[in-house]
Asker: 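This structure is in C-alpha cells; I'll ask about it shortly.
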Amino acid sequence: MADEKEQLRYDPAAIEQKWQQRWAADPKLYAAEPATSNKPKYYVLEMLPYPSGQLHMGHVRNYAIGDALARQMWMRGYNVLHPMGWDAFGLPAENAALKNNPPPREWTLANIAAMKRQFERLGMGFDWATEVTTCMPDYYRWNQWFFLRMYEKDLAYRKKSKVNWCPECATVLANEQVVDGCCWRHEDTKVEQRDLVQWFLRITAYAQELLDDLDKLDGWPEKVRTMQRNWIGRSEGTEVDFFLEEINQGSGIRDLGSEKQGTKQTRIRVFTTRVDTIFGATSVQLAPEHPLVKVFTAEDAGLKAKVEELLAQQKAAREAGDLGAIDKHGVVTGRFAMNPYNGERVPIWVANYILMDYGTGAIMSVPAHDERDYEFAMKYGIEIRQVIKPVQDDNEAKLPFISEDGVLVNSGEYDGLTCAQAQMKLQEVATRGEFGEAKVIFRLKDWGVSRQRYWGTPIPMIHCERDGLVPVPDDQLPVLLPDKIEITQQGGSPLARVPEFVNTTCPKCGGPAKRETDTMDTFVDSSWYFYRYTDAHNAKAPFDPEIVKYWFPIDQYIGGVEHAILHLIYSRFWTKVMRDLGLVKNDEPVERLFTQGMVIKDGAKMSKSKGNVVSPDDMVARYGADSARMYSLFAAPPDRDLDWQEDGVAGVSRFLGRVWRIVTKYSAAPQSDVLGETGANTNKGAPLLRKLHQTIAKITQDFEARWHFNTDVAAIMELVNEIQNADAQFAAGEIPAPVVRELLRTLVLLLAPFAPFLAAEMWEQLGEEGAILRTPWPQSDPELAREDEIEIPVQINGKLVTVVRVAAGADAKVMEAEALANEKVRDRTAGRNVAKVIVVPGRAVNLVVK
Ligand SMILES: [Zn+2]
Ligand SMILES: [Zn+2]
C-alpha cells in the first residue's frame, strides 16, 4: 500500500526537470514557420521585460497569460510567433555600476542569462532564436538608422527648451515620464524644470492621425484609448489677434481703431475654444513668460517683481504636477489691448495659470462664460458681462453660464445667433479681416529623446565647427558605445568625458569634430522591437518588409496598463513613421491589446520597499512551475488585480496532484472494451462525456473572447471532481474503455495551455506520441454536450394522463407547448375547452379542461 502511495505521489520537481531538459534540447519546438507558411498566422506577444536579474510575480502572470494563449493557438493549428527579448538599456545598470558592481554591459548580460533560466524553468514557450536584446549593437544600430531617417524628414530636431529634470536620475525625462510631478522611476523625487538644448522627435506631426486611428482600435481596452485621447488632448478653436494699444510718448494713448491696416501694430494672439463669447472678453491675460511681458517689465521694476513672483508660483505648481489646482494670481500691467471685433479696450493682465507652452501663451478672459475666468474676475473685481443666454429660457442664467446651448446677446450684429453659428461666423470674419483663423491645438508635445546618460543608444550626430550639425553616414553605423567608462553622478553626459568617443572627424569636411554625447531615451528601443522579432538577424536592414507584412499587425499584445501612454503611444508613432518611410504597410502595430491587472499582496503592489515580494523561484521550488502559473491564472480574472495567497498556490498544487493520480490510475487500469463495443453501458459514461464536452466548449469560447481563465480552471476542476465521483464505476469497469480514453486524453489536452509540464508528462503516460503542443485542440460535440432531458408528468383535471420529455432547465412556455402537443393530451382535450394551464417548472404540467 505504501508503495502504491509512493508511486502515486505527484512530484512536480522531477516531472518539470525532465521536460525542461527535453524542451531545451529541441529549439524548434516553439519556432514559428517562415512567412511563406500557408497556415494562418498568429502573433502573440507579451511586453518585453527590463533585465533586472529577477522575474517577479507580475511577470509570471503576464507571461502565463500569453503562454496559455500561444499554446492554445498552436494546438488550433496556427503558425504562432511567440518571441521574447530584453529592454536592456536604462538607468539601473548605471546605478549598479555606481555601487562598484560590474560595468553596465556585464551586469545586464548576466541578468539576462539569469532571467532566461527562470523563463525556462517556468516552461514559457518562447522562440529564443528570435531573441532581441536592445543594448546590443546589432539592434541599436537600427535605432540610429531610424533617427537619421527622421532627421532627414525633419522629424528629429534640436531645440532649446524647458525640460523635466530628475535630480536622482541626473537626466531629462519626457513629459510622459513625469507622474504627479515626480519621476516615473523615483516616485518621491520632484521633477525640476531646466532649460537645455535637446533632441526631439516630432510626434506632434502625427497628433491628428494618432487620435483618429484610436477609433479603429476596437480590440483595445476603452480605458487605454481614453487615456491616449486625453493625452493627445485635441481642442478646436480660434486664434484671434487683440491689438496692443501703443503708448505714444508725450501724446498719451493713440487711437488704434482707425489704423488697423498697413501698420506694424503689435498683436497679441490668443487662442480660444469659445470665440462666440468674445464680446464678453473683459481682459486679456498673458503667461508670465510671454515675450510682451518682458517688454512691459523692462520699464517697470514694480511690475517685474510681481511677474517674477507669478512665475515662481507657476514653476512650483508645475513641479508639483498640479497646475490645474494652482491658486490663481495675477497682476494688471496698466496696458490695454483692443478687441478686433468691436474696438473695445480691455486691460492686459499677467496671470500665473497661463502657460507659455500651451496655445499661444495668451487668452481672452470671459468671466461670464468660463469657470476659471469667473473665479479670477471675482477675486480681482474685473467686469463680468453676459453675452450668451440659454436658448429655451428667458430667465437670467446663473453665471458663469458655460453651456454652448445658447444664443448671443450684447454682441452687436451677432445677437441672436446660436453659439455654433456665431463660432463659424466670427471665424470667417477673423480670417477675412486677417486678424485670426480657425485653429486646432493639441496638448501632446514633441517627444524629448535626449538623455544625459551612458547606457543608451548614442545619437548619431556630429558637431563640426565649420558645418554645424552633420549626421553620421549610414555606412559608419553603428556609433558604438565605448565599453570602458567611468560612471559618476556628475552633471552632464558621461560620454562627454570619454575623449576617444567624443573626438572624431567630420564626415563632410574631414576636419576635427565632436560627437553628440546624449543618448536616446530607452523608449526608442521599445518603440519598434516587435518588428525586429520577425527578422531578428537581418544585418542589412531593421527587417525585411515582406516578412513584417506577413506577421503584422500583432494579433494579441499583453502588458501592464502603466504603458498606456508611454510605450503604446510612442510605438504607434514609430509605426506611422515607418509606414511613411515605406517599410511597413500597417497603420497600427497592435490589433488587440490586453492589459492584465497587478499582483498585490497584503493590500499593496508587490515591491521591495514594502517587503511583500514573493519570489517566483521560491514558489516554483515549493509547488512547481505549473502550480505557480496556473494559480496566477486561477486566482482572479486576468484583467483584475490578483491578491497573492500562498494557500491558493498550495491548493492548485493539490489539484494537479489529483489530476496526476487519476490519469495514472485509470490509464493503467484494465478496461472492458467489450462493454464499450456492445454499447450496453454507454449510459454510464454519458454524464461524464456531457460534462467533458461542456467543458471543452466553455474553455474554447473563453479563449476566443473573454479570457476568464480563472473560470476555465474552475471548470477543469469540476470535471475532475465528476471523474473522481465516478470512481466506483471506473473500478467496476462500467465505463466503456473508449469513454475512459476520451476523458483522460481530453482532460490532458485542456490542461496543456495552463500546466504545460504536467500535460506533457500525462500525454506521454497515456501512450500518445508527438508534442502535445502540435496535437489538435479538442472539439466540443454539441450532441454530447447537450443537457439531459427530464420527464414531466401531465395531468388533466388532476388525473395523470401521460409523461412528456423536455430538456432539463426548460422554461414554462416550452413545457406547456410540449404538453399540449402530446398526442394523448390532444386526444383527451379534443373538442373541449382548456381553461387553464398550470406549469410547475421542472416538475409537472396540470391542465384544467371543461
Ligand atoms: Zn528619476
Ligand atoms: Zn565639417
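Since the structure is predicted, the reported quantities are computational estimates derived from the model, not experimental observations. In this chain, numbering begins with 1 at the start of the sequence shown.
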Asker: Taking the ring centre of each residue, are Tyr43 and Tyr533 less than 6.0 Å apart?
Answerer: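 No: the rings miss the under 6.0 Å criterion.
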Asker: Roughly how far apart are Asp67 CG and Asn62 CG, rounded to 0.5 Å?
Answerer: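 Reported to 0.5 Å precision, the distance equals 11.0 Å.
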Asker: Keeping the roles fixed (side chain from Asn538, backbone from Ala541), state whether a donor-acceptor pair exists under 3.5 Å.
Answerer: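 Side chain of Asn538 to backbone of Ala541: a pair is present.
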Asker: Does this structure show an ion pair linking Lys28 with Asp127, if we count only N-O contacts that are shorter than 4.0 Å?
Answerer: no
Asker: Check for a donor-acceptor pair, side chain of Thr517 on one end and backbone N or O of Ser493 on the other, with a separation under 3.5 Å.
Answerer: no
Asker: Any side-chain donor-acceptor pair under 3.5 Å between His82 and Glu46?
Answerer: yes
Asker: Are any of the side-chain heavy atoms of Glu187 and Val179 separated by less than 4.5 Å?
Answerer: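 Contact flag for Glu187/Val179 side chains = no.
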Asker: Is the backbone of Cys183 close enough, under 3.5 Å, to the side chain of His186 for a donor and an acceptor to pair up by distance?
Answerer: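 No: the side chain of His186 does not pair with the backbone of Cys183.
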Asker: Considering only heavy atoms from C-beta outward, does the side chain of Pro460 approach that of Met520 to under 4.5 Å?
Answerer: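 Yes, their side chains come closer than 4.5 Å.
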Asker: Salt bridge between Arg202 and Asp154, side-chain N to carboxylate O under 4.0 Å?
Answerer: yes
Asker: Would Arg141 and Trp145 count as a cation-pi pair here, with the cationic atom under 6.0 angstrom from the ring centre and within 45° of the axis?
Answerer: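 Verdict for Trp145: no cation-pi partner in Arg141.
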Asker: Please work out whether the ring planes of Phe126 and Phe119 are parallel, tilted or perpendicular, with thresholds of 30° and 60°.
Answerer: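 It falls in the perpendicular class, over 60°.
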Asker: For side-chain contact (heavy atoms from CB on, under 4.5 Å), just list the numbers for Val132 and Leu48, CA-CA rounded to whole Å, side-chain angles, deciding distance to a tenth of an Å, and then say yes or no.
Answerer: CA-CA 9 Å; Val132 164; Leu48 84 178; 5.6 Å; no
Asker: Can you name the closest pair of heavy atoms from Gln314 and Pro288 and give their distance?
Answerer: NE2-CD, 3.7 Å
Asker: Can you see which heavy atom on Ile547 is nearest to which on Thr534, and at what distance?
Answerer: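 That closest heavy-atom pairing would be CG2-O, 3.2 Å.
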Asker: With a 3.5 Å distance limit and no angle check, can you tell me whether Thr171 reaches the backbone of Gln452 through a side-chain donor-acceptor pair?
Answerer: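 Present.
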Asker: What I want to check is whether the side chains of Asp446 and Tyr157 have a donor and an acceptor closer together than 3.5 Å.
Answerer: yes
Asker: Applying the ring pair (Phe, Tyr, Trp, His ring centres under 6.0 Å) criterion to Phe89, which one of Tyr50, Tyr140, Tyr454, Phe523 satisfies it?
Answerer: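 Result for ring pair (Phe, Tyr, Trp, His ring centres under 6.0 Å) with Phe89: Tyr140.
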Asker: Are any of the side-chain heavy atoms of Asp525 and Thr457 separated by less than 4.5 Å?
Answerer: yes
Asker: Do Thr575 and Tyr531 have side-chain atoms, one donor and one acceptor, less than 3.5 Å apart?
Answerer: yes
Asker: So does Glu465 have more than 12 non-hydrogen atoms from other groups sitting under 6.0 Å from CD?
Answerer: no
Asker: Is any side-chain heavy atom of Met461 closer than 4.5 Å to a side-chain heavy atom of Val470?
Answerer: no
Asker: Once you measure the plane-to-plane angle for Trp528 and Phe146, does it fall in the parallel (<30°), tilted (30-60°) or perpendicular (>60°) bin?
Answerer: perpendicular
Asker: Please answer whether the main-chain N or O of Leu55 pairs with a side-chain N or O of Gln118 as donor and acceptor at a distance below 3.5 Å.
Answerer: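 Between the backbone of Leu55 and the side chain of Gln118 there is a qualifying donor-acceptor contact (under 3.5 Å).
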Asker: Asp180 side chain to Cys182 main-chain N or O, any donor-acceptor pair under 3.5 Å?
Answerer: no
Asker: Grab the two heavy atoms, one from Cys509 and one from Cys506, that are nearest each other, plus how far apart they are.
Answerer: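 What the structure gives for the nearest pair is N-SG, 3.4 Å.
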Asker: Please report whether the ring centroid of Phe147 lies less than 6.0 Å from that of Trp199.
Answerer: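 Aromatic pair counts; centres sit under 6.0 Å.
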Asker: With rounding to the nearest 0.5 Å, note down the distance linking CG in Leu196 to CZ in Arg194.
Answerer: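 Rounded to the nearest 0.5 Å, the CG-CZ separation comes to 7.0 Å.
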Asker: Do Arg225 and Trp220 meet the cation-pi criteria used here (NZ or CZ under 6.0 Å from the six-membered ring centre, within 45° of the axis)?
Answerer: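 Ring-cation test returns no.
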Asker: Tell me whether the guanidinium CZ or amine NZ of Arg443 lies under 6.0 angstrom from the six-membered ring centre of Trp231 and within 45° of its axis.
Answerer: yes
Asker: Check the orientation of Phe573 and Tyr206. Use parallel for under 30°, tilted for 30 to 60°, and perpendicular for over 60°.
Answerer: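 Perpendicular, since the angle between the ring planes exceeds 60°.
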Asker: Of all heavy-atom pairs between Asp138 and Arg532, which one has the smallest distance, and what is that distance?
Answerer: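 Reported closest heavy-atom pair: O-NH2, 3.4 Å.
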Asker: Any ion pair linking Asp587 and Arg579 (charged N to carboxylate O, less than 4.0 Å)?
Answerer: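 A salt bridge links Arg579 with Asp587.
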Asker: Assess whether side-chain contact (heavy atoms from CB on, under 4.5 Å) is satisfied between Glu168 and Asn95, documenting all intermediate values.
Answerer: CA-CA 10 Å; Glu168 199 66 33; Asn95 291 341; over 6 Å; no
Asker: How long is the gap from CD on Glu562 to CG on Leu568, to the nearest 0.5 Å?
Answerer: 10.0 Å
Asker: Are the charged groups of Glu209 and Lys576 less than 4.0 angstrom apart, N to O?
Answerer: yes
Asker: Tell me which one of Thr226, Val561, Thr595 satisfies side-chain contact (heavy atoms from CB on, under 4.5 Å) with Pro221.
Answerer: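 Filter result, single survivor: Thr595.
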Asker: Is the side chain of Glu94 donor-acceptor paired with the backbone N or O of Trp455 at a distance under 3.5 Å, no angle test?
Answerer: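 Yes, the answer is positive, given that a donor and an acceptor are paired below the 3.5 Å cut-off.
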Asker: Are any of the side-chain heavy atoms of Met606 and His56 separated by less than 4.5 Å?
Answerer: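 A side-chain contact is absent here, since even the closest heavy-atom pair is not under 4.5 Å.
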Asker: Is there a side-chain contact between Trp107 and Pro51 (heavy atoms, below 4.5 Å)?
Answerer: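 When only atoms from C-beta onward are counted, Pro51 and Trp107 do not touch, as no gap falls below 4.5 Å.
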Asker: With rounding to the nearest 0.5 Å, note down the distance linking CZ in Phe200 to OG in Ser161.
Answerer: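 Answer for the CZ-OG pair, Phe200 versus Ser161, is 3.0 Å.
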Asker: If you define the side chain from C-beta out and look only at heavy atoms, does anything of Pro553 sit under 4.5 Å from Glu588?
Answerer: no
Asker: Taking the six-membered ring of Tyr550, is the NZ or CZ of Lys41 close enough (under 6.0 Å from the centre) and on axis enough (within 45°)?
Answerer: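 No, cation not above the ring by the 6.0 Å, 45° rule.
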Asker: Check the pair Asp195, Val163 against side-chain contact (heavy atoms from CB on, under 4.5 Å), reporting the backbone distance first and the verdict last.
Answerer: CA-CA 6 Å; Asp195 282 312; Val163 293; over 6 Å; no
Asker: How far does CE of Met578 sit from CZ of Arg149, to the nearest 0.5 angstrom?
Answerer: 14.0 Å
Asker: Taking atom CZ of Arg466 as the centre, report whether more than 12 heavy atoms of other residues, nucleotides or ligands fall under 6.0 Å from it.
Answerer: no
Asker: Can Lys116 be said to sit on top of Trp128's aromatic six-ring, NZ or CZ under 6.0 Å from centre and within 45° of the ring axis?
Answerer: yes
Asker: Okay, side chain of Thr134, backbone of Trp86: is any donor-acceptor separation there less than 3.5 Å?
Answerer: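 Yes, because the side chain of Thr134 sits within donor-acceptor range (under 3.5 Å) of the backbone of Trp86.
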Asker: Any side-chain heavy atom of Val172 sitting closer than 4.5 Å to one from Gln198?
Answerer: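 Sidechains of Gln198 and Val172: in contact.
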Asker: Could you pull out the closest heavy-atom pair between Leu155 and Ala205, with the gap in Å?
Answerer: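 Shortest heavy-atom contact: CD2-CB, 4.1 Å.
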Asker: Determine whether the side chains of Arg572 and Gln228 contain a donor N or O and an acceptor N or O closer than 3.5 Å.
Answerer: yes
Asker: Can Asn164 and Gln193 be counted as having a side-chain donor-acceptor contact under 3.5 angstrom?
Answerer: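 Yes - a donor-acceptor pair under 3.5 Å links their side chains.
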Asker: Quick one: pull up CD1 in Ile65 and CD in Gln556 and give me the separation to the nearest 0.5 Å.
Answerer: 10.0 Å
Asker: On the 0 to 90° scale, with breaks at 30° and 60°, tag the His567-His563 ring pair as parallel, tilted or perpendicular.
Answerer: perpendicular
Asker: Grab the two heavy atoms, one from Gln144 and one from Val479, that are nearest each other, plus how far apart they are.
Answerer: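 Nearest heavy atoms, Gln144 then Val479: OE1-N, 2.8 Å.
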Asker: Could you check whether Trp447 and Asp521, counting side-chain N and O atoms only, form a donor-acceptor pair closer than 3.5 Å?
Answerer: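 Short answer, yes.
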Asker: Please confirm whether Tyr529 and Trp142 have ring centers closer than 6.0 angstrom.
Answerer: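 Judged by ring-centre distance (under 6.0 Å), Tyr529 and Trp142 do not meet the cut-off.
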Asker: If the threshold is 4.0 Å, N to carboxylate O, is there a salt bridge linking Arg117 and Glu120?
Answerer: no
Asker: In sequence, state the C-alpha distance, the side-chain angles, and the governing distance for Val584 and Lys549, and then conclude on side-chain contact (heavy atoms from CB on, under 4.5 Å).
Answerer: CA-CA 7 Å; Val584 304; Lys549 199 172 132 200; over 6 Å; no
